[in-house]
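Taking it in order: structure first as structure tokens, then the write-up.
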Amino acid sequence: MAVELKTKEHIRGIRMAGRIVAACHKALSKRLAPGVTTLEIDRFVERFMIERGAVPAQKGFKGYPYATCASVNDVACHGFPDAEPLESGDIVTIDMVADLNGWKADSAWTYIVGKSTAATERLLRVAKQAMQDGIKQALPGNYIGDIGHAVQKRAVREGCHVIPMFFGHGIGRDIHEYPEVVYQGPPGQGVKLEEGMVITIEPIITSGKPDVFYARNGWAARTIDGAWAAQFEHTVAITKDGPIVLTRWE
């Protein structure tokens with residue numbers, strides 16, 4: 001399968017969608033608090049995008065019914081928003097994709113609700129650093145395996161695990177494009193990275209075992225041992241000048 005390389009104009013379109021995603025995450029970071037529900041967050045995100053001329057691309061994707069994925073504590077990913085109030089000490093990953101004029105940008109962020117513990121802060125720190133280590137490897141001439149190796153190396157060094165069954169992907173006109181971005185395996189293998197590729201780098205890190213099971217809704221993936229999981233994701237363009245994060249806000 002061939003990789004679809006993006007022109008500077010294409011990347012500009014993805015960046016514009018990415019700015020909406022980034023602004024939405026920044027706004028969410030100030031709204032999340034004990035007592036807020038993930039269903040309220042979902043409605044806020046959908047309204048935020050529509051008011052800026054975009055649409056939430058996840059809604060309706062393969063039948064998914066919400067504008068966001070909202071994954072709380074031991075839910076690794078693809079959690080359904082619901083009416084259960086968040087409690088102080090919870091973590092919640094909000095994953096969203098904005099479609100602006102046909103171009104899509106994707107970013108997930110794990111937030112601490114209210115007060116935190118040292119263990120929670122450490123998990124989030126490792127997960128964010130793993131993503132950042134992967135982004136540093138997103139260079140022309142490198143390989144998908146170089147990204148995965150950097151991510152896995154960080155997780156293992158910190159006594160954590162990458163959940164291997166979930167991966168990043170190309171993105172542009174479609175949410176999921178070729179290639180898949182895996183987070184395990186040796187460096188120097190897999191698809192070779194080229195200028196013009198746009199991918200998501202989005203490892204999910206857990207302090208427990210890397211095994212998950214699916215909830216009855218067929219979407220939400222929970223850790224088997226109940227350990228919490230954190231995920232940070234950016235949409236990244238690969239350029240001759242290095243990786244450009246198209247969804248940066250932090």
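Reckoned from all heavy atoms, side chains included, excluding hydrogens, waters and symmetry mates.
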Is there a ring-ring contact (aromatic ring centres under 6.0 Å, His included) between His176 and Phe61 once you walk through the steps?
CA-CA 10 Å; His176 286 180; Phe61 179 70; 5.3 Å; yes
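- Of the N and O atoms on the side chains of Gln137 and Asp133, not one donor lies less than 3.5 Å from an acceptor on the other residue.
- Pairing each heavy atom of Ala27 with each of Phe44, the nearest pair is CB-CZ, 3.8 Å.
- Using a distance-only test at 3.5 Å, with no hydrogens or angles considered, no donor-acceptor pair links the side chain of Thr206 to the main chain of His161.
- Among all heavy-atom pairs drawn from Arg248 and Ala22, the shortest one is O-CB, 3.4 Å.
- Residues Ile199 and Ile147 are in side-chain contact: their nearest non-hydrogen atoms beyond the backbone lie under 4.5 Å apart.
- With respect to Lys6 and Glu177, a salt bridge is recorded, a charged nitrogen being found less than 4.0 Å from a carboxylate O.
- At a threshold of 4.5 Å between side-chain heavy atoms, the hydrophobic network of Ile, Leu, Val, Met, Phe, Trp and Tyr places Val45 and Leu246 in two separate groups.
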Using the ring-ring contact (aromatic ring centres under 6.0 Å, His included) rule, take Trp249 and His234 through it: C-alpha gap first, then chi angles, then the decisive distance, then the call.
CA-CA 10 Å; Trp249 68 274; His234 274 312; 8.4 Å; no
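- Salt bridge annotation for Arg125-Glu121: absent, with no cationic side-chain nitrogen under 4.0 angstrom from a carboxylate oxygen.
- Around atom CD of Glu195, more than 12 heavy atoms belonging to other residues, nucleotides or ligands sit under 6.0 Å away.
- Between Glu194 and Pro140 the shortest side-chain heavy-atom distance does not fall below 4.5 Å.
- Between Asp211 and Thr223 there is no side-chain heavy-atom pair separated by less than 4.5 Å.
- Both Met16 and Met96 are part of a single hydrophobic cluster, where members link through side-chain heavy atoms under 4.5 Å apart.
- A continuous path of hydrophobic side-chain contacts links Tyr178 to Val181 [ILVMFWY only; heavy atoms under 4.5 Å].
- Pro164 and Gln184 make their closest contact through CB-OE1, 3.3 Å (heavy atoms, listed as atom of the first residue, atom of the second, distance).
- With hydrogens and angles disregarded, no donor-acceptor distance shorter than 3.5 Å links the side chain of Thr38 to the backbone of Ile41.
- Contact of the Glu87 side chain with the Pro34 side chain is not registered, since no non-hydrogen atoms from C-beta on lie closer than 4.5 Å.
- With rounding to the nearest 0.5 angstrom, the CD atom of Glu233 is 4.5 Å from the OG1 atom of Thr200.
- Side-chain atoms of His25 come within 3.5 Å of backbone atoms of Ser107 as a donor-acceptor pair (strictly under, hydrogens ignored).
- Atom CZ of Arg222 is separated from atom CZ of Phe213 by 6.0 Å, given to the nearest 0.5 angstrom.
- A donor-acceptor pair under 3.5 Å links the side-chain atoms of Glu40 to the main chain of Thr37, judged by distance alone.
- When atom types are taken as modelled, the side chain of Asn217 and the backbone of Ala220 share a donor-acceptor pair closer than 3.5 angstrom.
- Between the side chains of Ser71 and Thr93, not a single donor N or O lies within less than 3.5 Å of an accepting N or O.
- Val75 and Leu39 are not part of a single hydrophobic cluster, where members link through side-chain heavy atoms under 4.5 Å apart.
- Across Ile135 and Pro243, no two heavy atoms sit closer than the pair O-CG, 3.3 Å.
- Atom CD in Glu9 sits 8.5 Å away from atom CH2 in Trp103 (nearest 0.5 Å).
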Lys209/Asp225 under salt bridge (charged side-chain N to carboxylate O under 4.0 Å, His left out): CA gap, chis, key distance, verdict
CA-CA 7 Å; Lys209 295 181 180 179; Asp225 61 4; over 6 Å; no
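- Side chains of Glu202 and His169: a donor-acceptor N/O pair is present below 3.5 angstrom, by distance only.
- Using a 4.5 Å cut-off on side-chain heavy atoms (C-beta onward), Thr247 and Asp106 make no contact.
- Ring centroid separation for the pair Tyr214 and Trp219 does not come in under the 6.0 Å cut-off.
- For Val21 against Ala98, the heavy-atom pair with the smallest separation is CG2-CB, 3.5 Å.
- Remark: side-chain polar atoms of His149 are not paired, donor with acceptor, to backbone N or O of Asp146 under 3.5 angstrom.
- Other residues, nucleotides and ligands place no more than 12 heavy atoms under 6.0 Å from the CZ atom of Arg31.
- Proximity of a side-chain donor or acceptor of Lys104 to a complementary backbone N or O of Ile175 within less than 3.5 Å is not detected.
- Remark: aromatic rings of Tyr183 and Phe166 are distant, center separation not under 6.0 Å.
- Scanning both residues, Tyr111 and Leu124, for their nearest heavy atoms gives C-CD2, 4.5 Å.
- The residues Glu158 and Arg122 are annotated as salt-bridged, a charged nitrogen and a carboxylate oxygen being separated by less than 4.0 angstrom.
- Following chains of ILVMFWY side-chain contacts shorter than 4.5 Å, one can reach Met131 starting from Leu123, so the two form part of one hydrophobic cluster.
- Using a distance-only test at 3.5 Å, with no hydrogens or angles considered, no donor-acceptor pair links the side chain of Thr68 to the main chain of Asp95.
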